[in-house]
Amino acid sequence: MIELDRAGRSFKVRRNVVHAVRDLSFTVSAGEFVGYLGPNGAGKSTTIKMLCGILTPTSGTVRVAGLEPSRRRTTLARRIGVVFGQRTTLWWDLPLKDSFELIRHLYKVDRTAFRARLAELTDTLDLGAFLGTPVRQLSLGQRMRGDLAAALLHAPDVLVLDEPTIGLDVVSKAGIRDFLLRLNAERGTTVLLTTHDLGDIERLCRRVMLIDHGRLAFDGTLDDLMATAPGQSSLEDVVTRLYTGAGQ
Ligand SMILES: Nc1ncnc2c1ncn2[C@@H]1O[C@H](COP(=O)(O)OP(=O)(O)OP(=O)(O)O)[C@@H](O)[C@H]1O
């Protein structure tokens, strides 16, 4: 479902070149739920931007659902949903339901399918009480649930999440995690999750990929990841060790 083959992305910054992502190869199969970890500046957002076609790779290839994202952005938009936890894709001054209606038009979702999907998402994400509320008046947790619904209204095969639980309280986090688990288990949606919240990883992801300085530093199961640092009991300790390069 997601295939990167020696993908790279660099940026020219004045006279220097920043290699945000280098020589990155991995495959995520349909139905997987994969955590994508890395320290600040490791290249996670750059990877995500290449996956949704916002950035073109400067080397190698990226494919999502068989499409080259930067060339087939419009076609891909029907297959992929993206949530950036740090910013909303909803219309700030419009009631939530009007944002959804606009998204229906943009994605040309059939009206009957849209109604059914919205009813399901309203129920599972508990949106009913604030569908008529302007987005700017929503709490962060409500807004995030709205953003998730917006990303899923067109029933994409792949969902890419960039810090979807940032700033949420424990109850809101648990609600979103449960929702994502069910989405993956019941609908088979492929999920790639970037987060600094290791609780998200422990609760949701069987497979974890870790990127550092733009390169893949680890790809395996959560158990494999724990086994990289025998004697460390918490995921936080193991990840800290990997981020700081201890033991290299
Ligand atoms: N548009 C850009 N122009 C120049 N450099 C950039 C650009 N975008 C990203 N970079 C650089 O590429 C590197 C990777 O950035 P990226 O945002 O992908 O990291 P990240 O893993 O998402 O970090 P964080 O966890 O802090 O969000 C950083 O050194 C960053 O400064």
Side-chain angles (χ1 to χ4, degrees), residues 2-26 28 33-64 68-71 73 76 80-89 140 143-144 147-148 151 158-168 173 176-177 180 191-205 207-220 222 225 228 235-246 248:
I2 300 174
E3 293 171 275
L4 272 75
D5 186 13
R6 309 194 68 165
R9 172 70 209 202
S10 51
F11 299 99
K12 283 205 182 92
V13 183
R14 280 175 240 113
R15 285 188 191 169
N16 297 322
V17 178
V18 177
H19 297 282
V21 168
R22 328 172 193 217
D23 213 16
L24 189 60
S25 301
F26 64 77
V28 175
F33 200 133
V34 182
Y36 194 47
L37 285 179
N40 291 132
K44 302 178 300 296
S45 297
T46 304
T47 310
I48 287 179
K49 286 175 189 163
M50 291 196 287
L51 293 180
C52 46
I54 298 170
L55 285 176
T56 308
T58 41
S59 58
T61 55
V62 173
R63 283 186 174 272
V64 178
E68 251 184 88
S70 54
R71 291 192 184 180
R73 210 169 149 183
L76 180 66
I80 192 171
V82 186
V83 175
F84 292 100
Q86 310 241 37
R87 58 176 185 272
T88 185
T89 49
L140 182 61
R143 201 270 286 157
M144 199 66 83
D147 263 299
L148 266 175
V158 189
L159 180 63
V160 178
L161 304 166
D162 192 349
E163 299 198 62
T165 58
I166 192 165
L168 301 189
K173 262 186 206 177
I176 289 203
R177 287 171 183 167
L180 293 172
V191 185
L192 184 76
L193 165 71
T194 286
T195 182
H196 289 296
D197 186 325
L198 298 177
D200 288 347
I201 300 289
E202 283 178 311
R203 175 90 175 92
L204 299 171
C205 308
R207 177 178 168 198
V208 181
M209 294 190 292
L210 195 145
I211 184 175
D212 195 10
H213 292 97
R215 294 182 196 275
L216 198 60
F218 175 86
D219 182 359
L222 198 51
L225 181 64
T228 61
L235 180 59
E236 193 173 329
D237 288 344
V238 172
V239 167
T240 304
R241 194 169 181 276
L242 282 166
Y243 283 9
T244 53
Q248 276 181 0

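Read the numbers this way: they start at 1 and go in the same order the structure lists the ligands and their atoms.
Taking any N or O of Gly43, backbone or side chain, at least one lies under 3.5 Å from an N or O belonging to ligand 1. Inclusion of Gly41 in the set of residues having an N or O under 3.5 Å from an N or O of ligand 1 is warranted.
In this structure, of Ala42, Gly214, Ala20, the residue bringing a heavy atom nearest to atom 12 (O) of ligand 1 is Ala20.
Near Val13, meaning under 4.0 Å from any of its heavy atoms, are these atoms of ligand 1: 4 (C). Within ligand 1, the atoms closer than 4.0 Å to a non-hydrogen atom of Lys44 are 18 (O), 19 (O), 20 (P), 21 (O), 22 (O), 23 (O), 24 (P), 25 (O), numbered from 1 in the order shown. Residue Asn40 has at least one heavy-atom neighbour below 4.0 Å for each of these atoms of ligand 1: 23 (O), 24 (P), 25 (O), 26 (O). Those atoms of ligand 1 that come under 4.0 Å of a heavy atom in His196, given as number and element, are 25 (O). Taking a cut-off of under 4.0 Å to the non-hydrogen atoms of Pro39, the atoms of ligand 1 that pass are 21 (O).
From the protein, the heavy atom lying nearest to atom 30 (C) of ligand 1 is Val18 CG1, 4.8 Å. Annotation: atom 6 (C) of ligand 1 to nearest protein heavy atom, Phe11 CD1, 3.4 Å. For atom 17 (O) of ligand 1, the closest non-hydrogen atom of the protein is Ser45 CB, 3.7 Å. For atom 15 (O) of ligand 1, the closest non-hydrogen atom on the protein side is Thr46 OG1, 3.8 Å.
A salt bridge does not link Asp162 to Arg87: none of the charged nitrogens lies less than 4.0 Å from a carboxylate oxygen. Between Lys173 and Asp200 there is no salt bridge, since no side-chain nitrogen of the basic residue lies less than 4.0 Å from a carboxylate oxygen of the acidic one.
A distance-only check finds a donor-acceptor pair linking the side chain of Arg9 to the backbone of Thr56 [under 3.5 Å]. Without hydrogens or angle criteria, Thr58 side chain to Gly8 main chain gives a donor-acceptor distance under 3.5 Å. Listed for the Thr194 side chain is no donor-acceptor partner under 3.5 Å among the backbone atoms of Glu163. Of the possible donor and acceptor atoms, one in the side chain of Asp147 sits under 3.5 Å from a partner among the backbone N and O of Thr89.
Between Leu193 and the choices Val34, Leu204, Val83, Val160, the side-chain contact (heavy atoms from CB on, under 4.5 Å) rule is met once, by Leu204.
Taken to the nearest 0.5 Å, the CG atom of Leu4 stands 7.5 Å off from the OG atom of Ser25.
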